[in-house]
Amino acid sequence: MNFNKTTLPSGLRVLTIPMSGAESVTVTVWANVGSRYEEEQVAGISHFTEHIVFKGSKKYPTTKDLSSFVDSFGGEFNAGTTKEWTNFYIKSSKNHLEKAFDVLSDMILNPLIDKDELEKEKGVILEEKAMYEDTPTSDIGDVFEELIFQGNPLGRNIVGTEKAIKNITRNDFIEFRKKYYFPENLLITVAGGVTEKEAIDLVNKYFINLPENEPKENFPKFVAKQNEPWVKLKYKKIEQAHLILGFRGFKLGDQTRFAENILATILGKGMSSRLFIEVREKRGLAYSVHTSADHLIDTGYFSTYVGVDPKNAEEAIKIILEEHYAIKDKVKLIEVSEFQKAKEYLKGHIALSLEDTSAVNQFFGEKELLIESPQTPEEIFESLDKVTIDQVYDVAKQIFLKQNLNLSIIGPYNGQDKFKKILV
């Protein structure tokens, strides 16, 4: 699977990913801005912008007008916000590609930002925030990032603070868009039943009126100041405790990421992974256990999530740590068959995910937006194949250090001392 990259005179980048035989096409518009760029008084405005463009635009002045038009050609549209980017997409039949460009461009370039709609949407966002906070499987990730990124905007919830959400004004949106929604800070990805010429012609037709460049504000770089294990406990009277145990890891684009993902797969991806066997199958401590490696522009972390009966949390933490350290210290060696299985697991899941045109945009778009060096699936497979077992051990030695260890917990506990003792 290959892609074509074009940079227009305005500085706007376009990636086209033709997919032979695909009947659908997805158009995604990316903005290189997320919650880590926000000042405290407008915390959550990136995510709020995601919402506000669906409330009406110049050509489609109401939410109903927008949704009715998209429904009229059988399309689907949505948006997403992270700490480092915001995106908006429409997926449709390839026969309706121009309609997708028409409505998506109007939403992004000409949002009405009606004051009454803005005030109503504040209530919607506050309810969304409450929903996530009431769902421990969702909230535990935010609790963990509050801990590991404390003192930096990365540690703040993407949805923002209640105070900021309530006080955001129409003028705040206008100023925010001037800062971040200009050609050189945007990317358009088009994947599916489309040619490069078709995509470029439509971009030139519908995204010709982008505003002139404004200086982009830098975000506060993250500098880790940790020298001992950290614990963050959020009390909640629930029947199941939720926890994430994680170590500081590597940044986005680091060459160690291939060995790191193999390591995460060996430990906790799939039903034959070490942690799934030890925590769930042998001891019946949890239904869900999962390990992942997450990367940001300047930092990252390696973490394992598990949901357990509150009385079993300490045992589960000990087992998870033992399995991590067993690889670092080569107490439980990585078998060749286990190593190869992890590689094939990763390659298989990548291949399966890329059957969908919106997922293809995600695959190529994030890397192009943030580090301007996307790899094709074939190049990633080749990089995975080159990783050696010794490189996986080296990554484990670099990451699995007590001074890099963090533990977040949501559960019915009155103190965190007993958990801290396990870590040290």
Side-chain angles (χ1 to χ4, degrees), residues 1-8 10-17 26 28-38 46 79-89 145 148-149 152-154 158 179-191 213 215-224 248-264 292-303 346-347 349-350 353-354 358-387 391 395 398-399:
M1 181 179 289
N2 293 310
F3 65 92
N4 304 301
K5 177 179 176 179
T6 303
T7 302
L8 302 180
S10 65
L12 177 64
R13 286 169 287 162
V14 183
L15 287 189
T16 309
I17 309 100
T26 299
T28 306
V29 179
W30 302 73
N32 191 182
V33 61
S35 61
R36 74 177 303 177
Y37 288 81
E38 301 163 353
S46 299
T81 307
T82 70
K83 297 185 186 278
E84 297 184 325
W85 53 257
T86 310
N87 73 11
F88 312 84
Y89 76 86
E145 291 191 340
I148 198 168
F149 297 135
N152 185 279
L154 282 174
I158 291 167
K179 288 180 181 178
Y180 299 110
Y181 282 72
F182 60 87
E184 291 181 349
N185 204 46
L186 298 177
L187 166 71
I188 297 177
T189 54
V190 189
N213 296 14
K216 178 182 173 184
E217 293 188 354
N218 292 322
F219 55 81
K221 298 289 186 181
F222 179 75
V223 179
R248 299 188 184 279
F250 300 107
K251 67 181 180 180
L252 186 69
D254 199 303
Q255 284 301 307
T256 56
R257 68 188 183 279
F258 301 108
E260 190 179 1
N261 277 300
I262 291 171
L263 176 60
S292 63
D294 292 87
H295 306 99
L296 295 147
I297 294 172
D298 52 355
T299 186
Y301 58 84
F302 187 103
S303 64
L346 289 168
K347 290 190 284 186
H349 276 68
I350 290 171
S353 71
L354 296 180
S358 58
V360 171
N361 275 348
Q362 193 78 23
F363 179 87
F364 286 98
E366 183 176 15
K367 301 298 187 299
E368 170 62 29
L369 187 74
L370 299 180
I371 58 178
E372 297 190 18
S373 58
Q375 290 180 292
T376 66
E378 292 77 15
E379 289 171 334
I380 289 178
F381 297 161
E382 184 178 346
S383 295
L384 285 168
D385 285 336
K386 289 180 180 178
V387 175
Q391 288 174 325
V395 164
Q398 292 178 63
I399 296 178

Novice: Should the ring pair Phe222 and Phe149 be called parallel, tilted or perpendicular, given that the plane angle runs from 0 to 90° and is split at 30 and 60?
Specialist: perpendicular
Novice: Using a 6.0 Å cut-off, check whether atom NZ of Lys251 has over 12 heavy atoms from anything other than its own residue.
Specialist: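 No.
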Novice: Do Leu187 and Leu15 make a side-chain contact, defined as non-hydrogen atoms from C-beta onward lying under 4.5 Å apart?
Specialist: yes
Novice: Would you please test Ser35 and Thr81 for side chain to side chain contact (heavy atoms under 4.5 Å, CB included) and show each step?
Specialist: CA-CA 8 Å; Ser35 61; Thr81 307; 5.8 Å; no
Novice: Can you tell if the side chain of Thr299 reaches within under 4.5 Å of the side chain of Lys221, non-hydrogen atoms only?
Specialist: no
Novice: Could you grab the distance from atom CZ of Phe363 to atom CE of Met1, nearest 0.5 Å is fine?
Specialist: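 So the gap between those two atoms works out to 8.0 Å.
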Novice: Taking Asn261 for its side chain and Leu346 for its backbone only, find out whether a donor-acceptor pair lies under 3.5 Å.
Specialist: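 No, the answer is negative, given that no donor and acceptor are paired below the 3.5 Å cut-off.
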Novice: One pair to check against side chain to side chain contact (heavy atoms under 4.5 Å, CB included): His295 and Asp254. What are the steps and the verdict?
Specialist: CA-CA 9 Å; His295 306 99; Asp254 199 303; over 6 Å; no
Novice: Check for a donor-acceptor pair, side chain of Arg248 on one end and backbone N or O of Ile148 on the other, with a separation under 3.5 Å.
Specialist: yes
Novice: Working to the nearest 0.5 angstrom, can you tell me the gap between Lys5 NZ and Thr189 OG1?
Specialist: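 Interatomic distance, Lys5 NZ to Thr189 OG1, rounded to 0.5 Å: 13.0 Å.
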Novice: Could you check if a side-chain atom of Leu12 sits within less than 4.5 angstrom of a side-chain atom of Ile188, using non-hydrogen atoms only?
Specialist: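 Yes, side chains in contact.
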Novice: Would you give the length of the straight line joining atom CZ of Phe250 to atom CZ of Arg257, rounded to the nearest 0.5 angstrom?
Specialist: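 That separation rounds to 12.5 Å.
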Novice: Could you measure the distance from the CD atom of Gln391 to the CD1 atom of Ile262? Nearest 0.5 Å is fine.
Specialist: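 The CD1 atom of Ile262 is 8.5 Å from CD of Gln391, to the nearest 0.5 Å.
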Novice: Taking Ser46's backbone N and O only, do any of them form a donor-acceptor pair with Glu38's side chain (distance below 3.5 Å, no angle check)?
Specialist: yes
Novice: Please report the interatomic distance OH(Tyr89) to OG(Ser358), rounded to the nearest 0.5 Å.
Specialist: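 These two atoms lie 5.5 Å from each other.
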Novice: Could you give me the CA-CA distance, side-chain angles and deciding distance for Thr86 and Tyr181, then say whether side chain to side chain contact (heavy atoms under 4.5 Å, CB included) is met?
Specialist: CA-CA 10 Å; Thr86 310; Tyr181 282 72; 4.0 Å; yes
Novice: Is any NZ, NE, NH1 or NH2 atom of the basic residue among Arg36 and Asp298 found under 4.0 Å from an Asp or Glu carboxylate oxygen of the other?
Specialist: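 Yes.
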Novice: Please report the interatomic distance CG(Leu154) to CD(Glu84), rounded to the nearest 0.5 Å.
Specialist: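 Taking CG in Leu154 and CD in Glu84, the distance rounds to 6.5 Å.
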Novice: Verify, without hydrogens or angle tests, whether Arg13 (side chain) and Glu372 (backbone) share a donor-acceptor contact under 3.5 angstrom.
Specialist: no
Novice: Looking only at non-hydrogen atoms, find the nearest pair between Ala191 and Asn361 and report the distance.
Specialist: CB-OD1, 3.2 Å
Novice: Below 4.5 Å, heavy atoms only, C-beta onward: do Pro377 and Leu354 meet side chain to side chain?
Specialist: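 Yes, at least one pair of side-chain atoms sits under 4.5 Å.
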Novice: I'd like to check Tyr301 versus Ser292 (side-chain heavy atoms, cut-off strictly below 4.5 Å). Are they in contact?
Specialist: no
Novice: Taking all heavy atoms of Ala264 and all of Ala293, pick out the closest pair and write down the distance.
Specialist: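 Shortest heavy-atom separation between Ala264 and Ala293 comes out as CB-N, 4.4 Å.
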Novice: Side chains of Asn2 and Asn4: does their closest heavy-atom pair fall under 4.5 Å?
Specialist: no
Novice: Of all heavy-atom pairs between Ala31 and Leu369, which one has the smallest distance, and what is that distance?
Specialist: O-CD2, 3.8 Å
Novice: How far apart are the C-alpha atoms of Gln362 and Trp30, what are their side-chain angles, what is the distance that settles it, and do they pass the side chain to side chain contact (heavy atoms under 4.5 Å, CB included) test?
Specialist: CA-CA 10 Å; Gln362 193 78 23; Trp30 302 73; 3.8 Å; yes
Novice: Given 3.5 Å as the limit, does a donor-acceptor pair link the side chain of Asn32 with the main chain of Asn185, or not?
Specialist: no
Novice: Check whether any side-chain heavy atom of Leu263 lies under 4.5 Å from a side-chain heavy atom of Phe302, and answer yes or no.
Specialist: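 Yes, side chains in contact.
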